[in-house]
Amino acid sequence: MTQEKRSLHKTPPDGGWGWMIVIGCFFVTVCTRAVTRCISIFFVEFQSYFAQDYARTAWIHSIVDCSTMLCAPIGSYVSNHFSCQVGIILGGVLASTGLVLSSFATSLEYLYLTLGVLTGLGFALCYSPAIAMVGKYFEKRKALAYGIAMSGSGIGTFILAPVVQLLIEQFSWRGALLILGGFVSNLCVCGALMRPISLKEDSLHYPLKQEPQLDSSCSPLCQDCSHKRLCYCTTKEYRFLLKPKFIILAVSFLFLAYGCSPPFVYLVPYSLSVGVSHQEAAFLMSILGIVDIVGNITFGWVTDRRFLKKHRYCCYLIAVGLDGLCCLFLPILTCFQLLVPFSVMFGYFDGAYVALIPVITGDVVGTSNLSSALGVVFFLHAVPYLLSPPIAGWLVDTTGDYTAAFLLSGFSMIFCSILLGLAKIINRIKKNPQATVVRSSDIKQEVWTNGDVSCLNAISEKEV
């Protein structure tokens, strides 16, 4: 690949090739998150073929999800030090290879390695870099762009689920995995769309050094960097980890990730336990997926409006809190007519806050650090995603119903919202006294200089 000269943009272009980036990110979410959800369709086939119980078979889905999130920092690192294009194309090759090799599986342990670890690693190299690229190209319409890009998960699940089931019926699970591997190879095409862009903010975060042959921004072009220079670049990239705002946001993600997973896993089993038919239970998941898309796009568009743009943080924590509140009411909903409103409300607010996660993260760390920050954010999702379904299942086995599992899930999400709300209030309280001190010092300054503030300013400037 030839070296490409990139023009320096003062601000994100908010359009143009950016919409191609959104389309590319949309299909990345289809090929990663939607395909991950569709892996659950193979569970019955794996169970019957390998003669294993549900618990051992369920680890396949957990390992894929955990690997995708756990390896997200690797995706960010490859994207930052080589390029987003290289990261996504490499991830597409690994994910496709993992699915193709899985079609030759002879045991569940084989699937843990190929379908779980290898495919999950490939998804990790694609997911966070693609999402970060959207933030590079959009500022004014960032939430809308993310809403469209992230809706690929819901749309992909809605379309791929019946298609995968049809493929299994026609070609068996081996043929379906083989075809799915070919479909996922389209990630390489998505990676080719990710045209790099340089922003003025990047040059401010990574100032020029007196080394004419070295690229100043620690970009993909600095392949001849020394070890010290590479360490310096890495330190600059992850300096946001020490920001108090990011630390609080990171802690909140742990509770959010724990709370959001069990409702998706146990909605259908709970519905069946209260007398809902199999068709109606499946329809509840379809409703949830469709409304999730609506939440992605509409909430993204609304929070891009001028009167709400400054309050995205508050909109995010409200959406998370309301999603948790829906979980608290779930145990008392015991018929299909009552579960439909739950699917609508939970799906909408789930799509709403998911679309705002990269926006809120970008507001905290800045656009130049967004790729690295998203890698850390998705890394934090890994352990809760791995542990929350088994813990919820243990609560169901212990108590004999789903009440404790859904209540713990709901309170976890509500605690996430309360934590962020308290942090916002404390931060505002800290700022107000400082503003008061500044105003009082200005008054004293005016009295001491008899109103000749400009004279004092001139003296201070000369001293500086």
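Numbers here are sequence positions counted from 1.
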*Considering residues at least two apart in sequence or located in another chain, which fulfil the ring-ring contact (aromatic ring centres under 6.0 Å, His included) criterion with Y385?*
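Residues passing ring-ring contact (aromatic ring centres under 6.0 Å, His included) with Y385: H381.
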*Among all residues two or more places apart in sequence or in another chain, which pass the ring-ring contact (aromatic ring centres under 6.0 Å, His included) test with F183?*
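Per chain and number, F183 pairs via ring-ring contact (aromatic ring centres under 6.0 Å, His included) with no residue.
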Quick check against the 3.5 Å criterion: does [X] have a side-chain atom that pairs as donor or acceptor with the backbone of [Y]?
X    : Y    : result
T119 : G116 : no
S261 : S388 : no
Y146 : V22  : no
S67  : V64  : no
S417 : L317 : yes
T398 : W394 : yes
T114 : A105 : no
T361 : I357 : yes
W17  : L193 : yes
Y313 : L420 : yes

Nearest atoms (heavy-atom pairs only) where [X] meets [Y]:
X    : Y    : result
C31  : V184 : O-CG2, 4.0 Å
G75  : L125 : CA-CD2, 3.7 Å
A382 : L70  : CB-N, 3.6 Å
C84  : P129 : SG-O, 3.6 Å
L254 : L380 : CD2-O, 3.3 Å
L249 : V364 : CD2-CG2, 4.2 Å

*Using 30° and 60° as the class limits, which term best fits the ring planes of Y127 and F378: parallel, tilted or perpendicular?*
tilted
*Would Y258 and L387 count as a side chain to side chain contact (heavy atoms under 4.5 Å, CB included) if you check the C-alpha gap in whole Å, the side-chain angles of each, and the deciding distance to 0.1 Å?*
CA-CA 8 Å; Y258 178 89; L387 298 180; 5.7 Å; no
Distance, nearest 0.5 Å, that separates [atom1] of [X] from [atom2] of [Y]:
X    : Y    : atom1 : atom2 : value
M133 : M194 : CE    : CE    : 6.5 Å
D350 : M345 : CG    : CE    : 13.0 Å
I247 : L242 : CD1   : CG    : 6.5 Å
I148 : W301 : CD1   : CH2   : 12.5 Å

*asked:* Set out, in order, the CA-CA distance, both residues' side-chain angles and the distance that settles side chain to side chain contact (heavy atoms under 4.5 Å, CB included) for D401 and V396, then state yes or no.
replied: CA-CA 5 Å; D401 59 30; V396 173; over 6 Å; no
*asked:* Among I293, D323, D292, T298, which residue satisfies the side-chain contact (heavy atoms from CB on, under 4.5 Å) criterion with Y348?
replied: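 It is T298; the other options fail the test.
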*asked:* I'd like to know whether the aromatic ring centres of F138 and W19 sit less than 6.0 Å apart in this structure.
replied: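 So the answer is yes for these two rings.
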*Is the distance between the ring centroids of F406 and Y270 less than 6.0 Å?*
yes
*asked:* Within the 4.5 Å heavy-atom criterion, are V164 and L180 side-chain neighbours or not?
replied: yes
_Side-chain touch P358/L374, heavy atoms, less than 4.5 angstrom_ =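 The answer is yes; the side chains approach within 4.5 Å.
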*Got a salt bridge between K245 and D363, using NZ or NE/NH1/NH2 to carboxylate O under 4.0 Å?*
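D363 and K245: not salt-bridged.
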*For S412, enumerate each residue passing the side-chain hydrogen bond (donor to acceptor under 3.5 Å, both in side chains) test, keeping only those at least two apart in sequence or located in another chain.*
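Not a single residue meets the side-chain hydrogen bond (donor to acceptor under 3.5 Å, both in side chains) criterion with S412.
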*Return yes if a side-chain donor-acceptor contact under 3.5 Å exists between S153 and T29, otherwise no.*
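Not at all, the side chains of S153 and T29 share no donor-acceptor pair under 3.5 Å.
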*For the residue pair Y137 and R195, confirm or rule out a side-chain donor-acceptor distance under 3.5 Å.*
no
_Verdict with supporting geometry, F264 and F346, side chain to side chain contact (heavy atoms under 4.5 Å, CB included)_ = CA-CA 10 Å; F264 284 99; F346 183 83; 3.7 Å; yes
